[in-house]
Structures are given as structure tokens and as C-alpha cells.
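Just follow the structure's listing: the first ligand is 1, and inside any ligand the first atom is 1.
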Amino acid sequence: MIVVMKRSATEEDIQSMVEHVEALKMKPVVLRGTERTVIAAIGEERVAGIGSLESGPGVDEVLPILAPYKLASRELKQEPTVVRAGTLTVGGDRIGVIAGPCSVESRDQICSTARAVKAAGATALRGGAFKPRTSPYSFQGLKEEGLKLLAAARDETGLAVVTEVIAPDDVELVSDYADVLQIGARNMQNYRLLEAAGKSSRPVLLKRGPSATVDEWLLAAEYILDAGNPNVMLCERGIRTFESHTRFTLPLASAPYVHQKTHLPIVIDPSHGTGHTSLVTAMARASIAAGADGLIVEVHPNPDKAMSDGYQSQTFAQFDEMMHECRRVAAAMDKQLG
Ligand code: PEP
Ligand code: MN
């Protein structure tokens, strides 16, 4: 339920409603807007006594939240959420650009990439230290050593670091080095991991599972929000379909659809979404035109030699050209790229 307080409601009125909601065995979440305060009452809505909320002091109206996700829903919060982490801003009129290699491979590789993507206008550095690979025999990442190299690249360039965490027990370690925790497509429904990320103070980039519906994706985001972390960015990275000319099928309608359903920002990944370097720039431009709040793109100093996802990674020059083209689309959308 959403308890909308009157403009004239006092702090005592709000506190009294918080206690009232708790007495109904629901969890109160107070959202203070510029105009008025609303209290989300999260939990089983069919409990006895819910009607009594309406007559509480300072209450204007009580509305049901119809979406299965509550904290993520637009019904609860109309203003778009803007997520900030160091140099990265995602949402509102800013389109954040997260760029870097699929995997961190060496100091020289990650630092040279950080310098190049920063010069081209990226606002955050990506790079996997813990890699969830389809095969156990593929490169699994440099792990903590990779995190240290990412931190060194941040020290040198100032760019915020986005990197994946694949296990609940690693959240603390990864949070020590990263500015943003990435939860990968394969882990979108790893509920213990979502809860652990929800307890972290770091913003989370939640990738869509390749077989997940939008509702399942938003319910996964709800786990993070419900655990106390309000800074969630959704990431559309393509879904599995019958089509095989691209690695995944990138549904760009996710951007406007997600904007209708949730206040959370959406970042689009045209690298995994297509699986072919030659298709990335066009889909990045289209993502911005569709309303993306951010892009995440794989860039490598020498894609032919990359230890993972080289076939979809851009060279520095290709990334620079993509940024020029995307800047023009962003301007047409009255947004700023970067
Ligand atoms: C990645 O970002 O390199 C990655 C593994 O992505 P996804 O989880 O979307 O497959
Ligand atoms: Mn990758």
C-alpha cells in the first residue's frame, strides 16, 4: 500500500503512521518528496485492519500498489532515480558511459584502456575480475589481483570502477575496491547474492537474465531495494531467442517499457546484446534514442588477443568514433552523454 500524507502532515503524524504500519506487520519505507511524504507499507496487503490506515493523523489517501514489485514501481515513486558513483551519473538528463574490457588481464591492459576511454568521454571503467564463464575451463578472471589493478586504474584516471561480484561471500571484498557492484546475467535470480548486494553501500548494476521476463528482472531489483540499497541500475544485455545471427537479441523496447513501470534507470549493453563489434555502435545509438540512461560497452587495446569476448569488443578508435556518434543522438534527446 502507499500511504500518501497530506502536505500539512507533521513529523509526529509521519512517525505515528510508521508505527501503525509496523503494528500491521508490514514494513514501512518513508519517502520524502519535495511536495509531500509517502509511506510505502510493504508486505501482505490482505491483513485485517488495513482500512484503519486511512483514518490516521495527517493521511491524505491510501492506495494499493498494483505491480508485483513495490519499491521498484513507478506507482510508489514518480521521480526517476538518478544513481551516482564517483564520476558516474546514470539517470535524469545524464547518460553514463561505462567502458572497458570484458576481463581485467594485466596492469598495462586495464590502465591503458582506462586512459583511452576517459579521453573519449567515458565516465566509468568496467572490467571483470571474477568472471562467470560458461565453461569451467575458460579464464575465470584474476580475482583479487584484478580488483587491485582496477583500483590502480581508478587512482590514475579518477574513473569510477564497475566490476562483477559472483558470490554473496565476495560482496565485502569487491565493495572494498569497486564503486559499483555488477550482478551478472547468470546471477540475476541468485537471491542470496541480491540480498548481500542490497546490504552493501555500493550502487548495483543488475543485468537482466537472458531468459528472464521484465517482471522477474524487476522483482530481482526489488530484493536489492528491500534489503536497503536504493541505488539500483537495471541493465538490458539481450535475451535468448530463436535468432542466431546475433549472440543475443537486444530488445530496445525494454527502455521505454521499464521507464513506464519503474523509477530505476536503465543501462544498455550493446556488446553482449549483439556479440559482434560491427553492430555495437549502431545499437548504442539506438539505445540512446530509445531512452537509455546509460551504456556499458566492451573496449580492449587489442580485441584479437582478448582473453574473453574479444569478438564483441571495440578498439580505442572504434570506441572514440562511437562516442562522437552517440553524442549527437544524445543532444537530439536533450541529454548529456557522459
Ligand atoms: C560481462 O559484463 O562481461 C558479462 C559477463 O555480462 P553478462 O552477465 O551480461 O553475460
Ligand atoms: Mn563480457
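Polar contact check, Lys207 against ligand 1: a nitrogen or oxygen pair lies under 3.5 Å apart.
The structure places CE of Met233 at 5.5 Å from CG of Leu205, a figure rounded to the nearest 0.5 Å. The distance from the OG atom of Ser103 to the NZ atom of Lys131 is 4.5 Å, given to the nearest 0.5 Å.
Contact of the Val90 side chain with the Val82 side chain is not registered, since no non-hydrogen atoms from C-beta on lie closer than 4.5 Å. A heavy-atom distance below 4.5 Å is not found between the side chains of Lys207 and Met188. Annotation: side chain of Arg133 is in contact with side chain of Gln140 (closest heavy-atom distance under 4.5 Å).
When Glu164, Arg237, Lys131, Arg186 are checked for heavy-atom proximity to atom 9 (O) of ligand 1, Arg237 turns out nearest.
Among protein heavy atoms, the minimum distance from atom 4 (C) of ligand 1 is reached at His272 NE2, 3.4 Å. Atom 2 (O) of ligand 1 has as its closest protein heavy atom Arg126 NH1, 2.8 Å. Of the protein's non-hydrogen atoms, the one nearest atom 8 (O) of ligand 1 is Ala185 N, 2.8 Å.
Here the shortest heavy-atom pairing between Glu236 and Gly238 reads OE2-N, 2.8 Å. In this structure, Pro203 and Asp179 approach most closely via the heavy-atom pair CD-O, 3.3 Å.
Less than 4.0 angstrom separates some heavy atom of Cys102 from each of these atoms of ligand 1: 3 (O). Of all the atoms in ligand 1, the ones that sit under 4.0 Å from a non-hydrogen atom of Gln182 are 1 (C), 2 (O). Listed by atom number, the atoms of ligand 1 under 4.0 Å from Gly184 heavy atoms are 8 (O).
Leu31 pairs with exactly one of Leu71, Ile39, Val38 by the side chain to side chain contact (heavy atoms under 4.5 Å, CB included) rule, that one being Val38.
Cation-pi geometry between Arg237 and Phe248 is met: under 6.0 angstrom from the ring centre, within 45 degrees of the axis.
Atom NE2 of His324 is surrounded by 12 or fewer heavy atoms from other residues, nucleotides or ligands within 6.0 Å.
Remark: distances from the non-hydrogen atoms of Arg208 to ligand 1 are all 4.0 Å or more.
Here 4 is the count of protein N, O or S atoms positioned under 2.8 Å from the Mn ion (ligand 2), waters not counted.
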